[in-house]
Amino acid sequence: DQTISFKRFLEGLSLFNTPGQRDAKLAAAFKIQDFDGDGKLGRQDLILYFRRIVLFQDALTPQMDGALSKEKQAAAIADKVLGEASSSPEHDKERWITMDDFRRIVAPMPDFESKLFINV
């Protein structure tokens with residue numbers, strides 16, 4: 001069962017409705033992408049995240065692109081992101097992004113907090 005209580009939903013929403021709390025927002029943004037819950041973002045996590053973003057965008061503006069090409073695009077983007085952001089050794093078969101990697105890349109963005117703000 002993948003449901004949450006309304007109270008838990010509001011607690012999560014309140015994080016994004018409060019100015020500040022930069023570290024908490026970083027942790028939440030990281031956790032949203034960590035689908036397997038292993039504490040790091042691997043290739044499959046990123047592919048799934050990108051796939052969901054594309055599916056959401058397609059629901060808003062349907063296009064005629066093939067699903068296979070979108071899958072290849074998601075995989076190529078995931079590989080590029082891992083190549084640029086991962087601190088795991090290049091010779092490792094599996095690359096990943098740790099919370100420290102994520103913080104190093106995302107935290108300096110000047111508009112990070114404003115992008116993670118929901119005005120309700």
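Quick caveat, the model's predicted, so the values are computed rather than measured. Sequential numbering from 1 along the given sequence is applied to the chain's residues.
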How about Leu46 and Leu82: do any of their side-chain heavy atoms sit closer than 4.5 Å? yes

Nearest heavy-atom contact between Phe35 and Leu48 is CG-CD2, 3.4 Å

Going by side-chain contact (heavy atoms from CB on, under 4.5 Å), name the residues that satisfy it together with Gln44, two or more places apart in sequence or in a different chain. Ile47

Can you establish whether the number of heavy atoms outside Tyr49 located under 6.0 Å from its atom OH is more than 12? no

Lys25 and Phe30: CA distance, side-chain angles, deciding distance, side-chain contact (heavy atoms from CB on, under 4.5 Å) verdict: CA-CA 8 Å; Lys25 288 180 181 183; Phe30 183 85; over 6 Å; no

Quickly, which of Leu41, Asp34, Leu26 forms a side-chain contact (heavy atoms from CB on, under 4.5 Å) with Met99? Name it, please. Leu26

Under the salt bridge (charged side-chain N to carboxylate O under 4.0 Å, His left out) test, which residues partner Lys31, sequence neighbours left out? none

Of all the heavy-atom pairs spanning Ser88 and Glu94, show the shortest one and how long it is. OG-O, 4.3 Å

Which residue pairs pass the side-chain hydrogen bond (donor to acceptor under 3.5 Å, both in side chains) test with at least one member in residues 101-110, sequence neighbours excluded? Ser87-Asp101, Thr98-Asp101, Asp100-Arg103, Asp101-Arg104

Show me the pairs that pass salt bridge (Lys or Arg N to Asp or Glu O under 4.0 Å) and involve residues 36-48, at least two apart or across chains. Arg43-Asp79

What's the separation between atom CD in Glu84 and atom CD1 in Ile97, rounded to the nearest 0.5 Å? 10.0 Å

Could I get the full list of side-chain contact (heavy atoms from CB on, under 4.5 Å) partners for Ala76, not counting sequence neighbours? none

Can you name the residues that form a side-chain contact (heavy atoms from CB on, under 4.5 Å) with Ile105, not counting sequence neighbours? Ala85

